[in-house]
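For reference, the structure discussed in these notes is given below.
Basis for what follows: all heavy atoms, side chains included, without hydrogens, waters or symmetry-related copies. In this chain, numbering begins with 1 at the start of the sequence shown.
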Amino acid sequence: MTTDTTTAKRGFHFKDITKMFGGGQSTLRQFGILGSLVVILVVFQVLTWIVKGTGLTLSSGNLINVVNQYSYILILAIGMVMVIIMGHIDLSVGSVAAFTGIVVAKAMADWNLPWPLGVLLGLGVGVLVGAWQGFWVAYVGVPAFIVTLAGMLFFRGANQWVGDSQSVPVPEGFKVIGAGYLPEIALPLPFNIPTMLLALAGAAWIVFWEIRTRRIQRRMGADMAPLWVSVTKVVLISAVILVAGWLFATGREGTSFPISGVILLALVILYSFITNNTVFGRHIYAVGGNRQAARLSGVKDRWVDFFVMMNMSVLASLAGMIYVARATASGPQDGNGWELDAIASVFIGGAAVSGGIGTVIGSIIGGLVMAFLNNGLALLGAGADVVSMIKGLVLLFAVGVDVWNKQQGRPSIIGFLTRRLGRKQDPATDTFDPTKANYPTSQKYEAPAVEETRGK
């Protein structure tokens with residue numbers, strides 16, 4: 001009877017808007033940062049139109065450049081968000097990327113290693129480096145900050161030692177992963193066909209996934225967003241995908257959607273699935289939110305620590321190879337400051353400083369905010385000093401808001417604005433599962449004492 005009454009209450013409610021992107025803490029933050037990204041795009045589009053006489057930010061060439069220039073940072077952000085959810089930090093990613101880049105470049109130059117094997121070699125280097133650092137963090141107990149700080153120093157020196165502080169060029173075939181584009185198909189059409197097919201596939205997937213989600217929610221009797229919310233979300237996201245696909249497909253001749261962007265999209269889909277739909281992903285959130293409770297629930301927290309640190313180094317190796325492929329050579333200064341950009345992307349994307357909260361999609365959105373902020377200021381002629389100061393203020397503001405809201409007992413500004421419109425929490429009915437992702441950090445899980453548990 002209650003379900004029928006609840007279902008019958010249709011119409012517009014402001015809180016339903018929050019369901020457009022999920023409704024949890026992390027998704028609410030994503031909603032806010034997504035709005036910030038839209039504002040940044042509109043502002044810089046207008047400013048470049050005023051200053052340059054044409055809007056440059058959303059031009060085909062500029063969008064292609066942004067993907068080429070920042071795809072490796074976004075790849076780092078995918079791994080970094082998992083590290084930060086666990087309550088760790090990784091300062092070594094830039095140095096690991098540089099070390100992998102020089103090893104792969106030297107192997108291809110000196111040993112005539114085919115470039116596909118070079119890519120596998122680079123990923124293998126990432127596995128070994130990650131296993132080394134993960135061992136110290138997970139099984140020795142050295143804080144990740146110290147382990148990765150040591151790794152940053154060691155692998156930066158190793159990069160310069162292996163390459164003798166010289167640039168090492170890479171072969172033409174290898175450049176495709178960093179500077180290549182989806183191929184042209186010889187048909188008399190004014191756009192790149194594979195790029196548009198990719199955009200159409202993305203829009204179709206959004207429609208399919210929303211229908212599937214609603215069917216599962218209906219079958220389980222779960223709380224569903226109103227139909228108009230689902231339709232609005234599907235229309236908006238599909239429109240953005242198709243318009244972006246058109247812009248990428250109609251760039252200057254010889255360009256289209258970058259191969260590095262294809263790799264990035266594949267990783268976003270893969271890691272979003274891992275973090276949201278697998279037991280391991282739930283364990284990451286559980287350990288990051290309350291390690292002791294997760295351990296008492298049977299989670300092997302050391303193994304989770306080890307895998308997350310190793311995964312970060314593998315993604316850093318991939319990012320390093322993509323950068324080297326785009327730069328056409330590996331050099332001693334590769335990777336400088338990458339760790340700071342990746343960490344900033346994650347925190348701006350809604351991750352909590354204390355761990356336990358964050359999403360892959362949110363980190364990508366945060367990375368895009370940083371990318372278009374850098375890009376827009378560069379288009380307006382701002383110097384590197386101004387760009388650096390603004391990036392620092394944006395990061396400080398994002399983390400400051402998170403800390404301040406935690407002190408106030410609120411998950412986010414948007415949570416503050418909508419808390420009166422949301423449902424009231426009922427302690428008698430609400431339960432807490434430490435293995436579920438995105439649970440509220442304000443809800444503390446009190447595990448029974450070990451002595452009491454053993455006595456039962």
Side-chain angles (χ1 to χ4, degrees), residues 67-68 71-80 82-83 90 92-135 148 151 154-156 158-164 166-183 257-271 273-274 280 306-332 334-335 338-339 342 360:
V67 173
N68 275 327
S71 58
Y72 56 90
I73 296 296
L74 297 178
I75 290 173
L76 291 177
I78 293 173
M80 190 65 73
M82 299 169 69
V83 173
D90 193 333
S92 68
V93 292
S95 297
V96 171
F99 174 67
T100 301
I102 196 65
V103 168
V104 172
K106 290 284 286 184
M108 292 187 294
D110 295 349
W111 305 339
N112 294 321
L113 192 70
W115 73 265
L117 294 181
V119 172
L120 294 178
L121 173 63
L123 295 176
V125 170
V127 169
L128 293 176
V129 170
W132 168 254
Q133 297 195 136
F135 167 77
T148 57
F154 178 84
F155 292 110
R156 175 60 56 188
N159 163 269
Q160 297 172 357
W161 178 69
V162 172
D164 198 23
Q166 302 293 321
S167 295
V168 180
V170 295
E172 285 295 325
F174 185 76
K175 297 176 185 178
V176 69
I177 66 172
Y181 301 93
L182 290 177
F257 193 68
I259 297 298
S260 59
V262 175
I263 297 172
L264 174 63
L265 285 177
L267 291 174
V268 169
I269 294 171
L270 173 63
Y271 281 90
F273 177 80
I274 290 174
F280 177 74
F306 178 84
F307 182 84
V308 166
M309 296 303 296
M310 183 172 67
N311 176 74
M312 181 71 259
S313 292
V314 172
L315 291 179
S317 296
L318 178 59
M321 289 187 286
I322 289 176
Y323 177 82
V324 168
R326 180 175 178 271
T328 71
S330 176
D334 294 349
W338 290 10
E339 59 280 346
V360 171

Going through the checks in order, is the side chain to side chain contact (heavy atoms under 4.5 Å, CB included) test met by D110 and V168? CA-CA 10 Å; D110 295 349; V168 180; over 6 Å; no
How many angstroms lie between atom CD of Q166 and atom NZ of K106, to the nearest 0.5 angstrom? 9.5 Å
Quick check against the 3.5 Å criterion: does S330 have a side-chain atom that pairs as donor or acceptor with the backbone of I102? yes
4.5 Å side-chain heavy-atom contact, Y271 and L315: yes
Where do M108 and L113 come nearest, in terms of heavy atoms and distance? CG-O, 3.4 Å
Between V262 and L265, does a side chain to side chain contact (heavy atoms under 4.5 Å, CB included) hold up when you go through it step by step? CA-CA 5 Å; V262 175; L265 285 177; 5.7 Å; no
Contact between T100 and V96 at the side-chain level, heavy atoms closer than 4.5 Å - yes or no? yes
For G151 and S95, the nearest pair of non-hydrogen atoms, with its separation, is O-CB, 4.2 Å
I need the F257 CZ to N68 CG distance, nearest 0.5 Å. 9.5 Å
Could you verify whether a donor N or O on one side chain and an acceptor N or O on the other, from Q133 and S92, lie under 3.5 Å apart? yes
When rounded to the nearest 0.5 Å, the distance separating CZ of F155 from CH2 of W161 is 12.5 Å
Side-chain heavy atoms of E339 within contact of L76, under 4.5 Å: no
When the aromatic ring centroids of F280 and F307 are compared, is their separation below 6.0 Å? yes
L74 CG to L267 CG distance, which is reported to the nearest 0.5 Å: 10.5 Å
Closest approach of P258 to V67 (non-hydrogen atoms, all atoms of both residues): CG-CG1, 3.8 Å
For the residue pair G178 and A325, what are the closest heavy atoms and their distance? N-CB, 3.6 Å
Give the intermediate values and the outcome of side chain to side chain contact (heavy atoms under 4.5 Å, CB included) for residues V170 and W115. CA-CA 9 Å; V170 295; W115 73 265; over 6 Å; no
M310 CE to W132 CH2 distance, which is reported to the nearest 0.5 Å: 15.5 Å
Using atom types as modelled and distance alone, determine if a side-chain donor or acceptor of R156 lies under 3.5 Å from a backbone N or O of A98. no
For L128, all residues meeting side-chain contact (heavy atoms from CB on, under 4.5 Å), sequence neighbours excluded: none
Test log, rule side chain to side chain contact (heavy atoms under 4.5 Å, CB included), inputs T148 and M312: CA-CA 11 Å; T148 57; M312 181 71 259; over 6 Å; no
Is the shortest side-chain heavy-atom distance between V104 and V324 below 4.5 Å? no
Measuring from T328:OG1 to K175:NZ, what's the distance to the nearest 0.5 Å? 5.0 Å
Whether W338 and Y72 hold their rings parallel, tilted or perpendicular, with breakpoints at 30° and 60°: tilted
Which atom pair, heavy atoms only, marks the closest approach of I259 to I177? CG2-CA, 4.2 Å
Looking at side-chain heavy atoms only, is the closest gap between I78 and V268 below 4.5 Å? yes
Can you name the closest pair of heavy atoms from S313 and V129 and give their distance? OG-CG1, 3.9 Å
